[in-house]
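Structure first, commentary second.
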Amino acid sequence: MVDYNRDDRSSGALFKNKNPKGESSPKYIGDLTLTKSLLKELIEEAKAGNPIKISINAWENKSPRNIEYISLSARKWVDLKKESLDAPF
């Protein structure tokens with residue numbers, strides 16, 4: 001199971017776009033910071049010619065200043081169906 005409370009996880013946040021330029025503007029804007037270890041894994045996948053797929057999880061939160069935002073956690077995508085088939089039990 002994934003540990004979402006680790007300090008070394010890739011993470012980010014999305015905030016409501018306060019300055020949309022029009023109807024096609026994004027509703028949320030933000031960033032995602034990848035750890036060096038995740039970036040290395042993704043580079044190895046790319047070198048092997050595999051598609052790059054990232055699993056992203058999101059939680060709704062409020063900052064201490066009462067600003068609503070969505071926190072993000074990212075990791076290399078794992079096929080949970082395949083992983084459960086490979087389990088020894």
Side-chain angles (χ1 to χ4, degrees):
M1 179 173 257
V2 178
D3 181 3
Y4 294 108
N5 295 313
R6 291 187 355 235
D7 289 333
D8 65 338
R9 72 184 187 279
S10 297
S11 61
L14 294 172
F15 295 87
K16 287 187 180 179
N17 185 355
K18 293 181 180 179
N19 301 309
K21 305 294 183 212
E23 286 187 30
S24 62
S25 293
K27 186 171 182 175
Y28 295 91
I29 56 174
D31 61 70
L32 179 65
T33 303
L34 303 180
T35 61
K36 288 181 184 179
S37 61
L38 177 56
L39 185 56
K40 285 180 182 180
E41 287 183 60
L42 299 178
I43 289 170
E44 291 303 315
E45 288 292 324
K47 285 181 179 178
N50 298 326
I52 305 302
K53 194 167 184 178
I54 299 173
S55 175
I56 300 174
N57 302 290
W59 296 265
E60 294 178 340
N61 289 300
K62 268 192 186 175
S63 74
R65 295 184 347 196
N66 210 30
I67 298 171
E68 293 181 355
Y69 69 99
I70 298 171
S71 63
L72 303 171
S73 173
R75 64 182 174 93
K76 182 179 167 191
W77 185 80
V78 176
D79 186 346
L80 296 177
K81 291 177 187 173
K82 181 177 185 271
E83 191 174 83
S84 64
L85 291 176
D86 292 341
F89 46 89

| said: Just verifying a value: how many Å separate I52 CD1 and I43 CD1, rounded to the nearest 0.5 Å? | reply: 9.0 Å

| request: Measure across G12 and L32 and return the closest heavy-atom pair with its distance rounded to 0.1 Å. | output: N-CD1, 3.9 Å

| remark: In terms of heavy-atom contacts, Y69 and S63 come closest through CE2-N, 3.6 Å

| message | I need the K53 NZ to L42 CG distance, nearest 0.5 Å. | response | 13.5 Å

| said: Working to the nearest 0.5 angstrom, can you tell me the gap between N57 CG and R9 CZ? | reply: 10.5 Å

| What closest approach, in Å, do L14 and Y28 show between heavy atoms, and which atom pair accounts for it? | CB-CB, 4.0 Å

| request: Find the distance between CD (E68) and CG (N61) and round it off to the nearest 0.5 Å. | output: 10.0 Å

| query | Out of T33, I56, D31, which residue meets the side-chain contact (heavy atoms from CB on, under 4.5 Å) rule with L72? | reply | I56

| field | Nearest heavy-atom neighbours spanning L38 and S10 | value | CD2-OG, 3.2 Å

| request: Kindly compute the distance separating CZ (R75) from CD (E41), expressed to the nearest 0.5 Å. | output: 10.5 Å

| field | Distance, nearest 0.5 Å, that separates CD1 of I29 from NZ of K18 | value | 9.5 Å

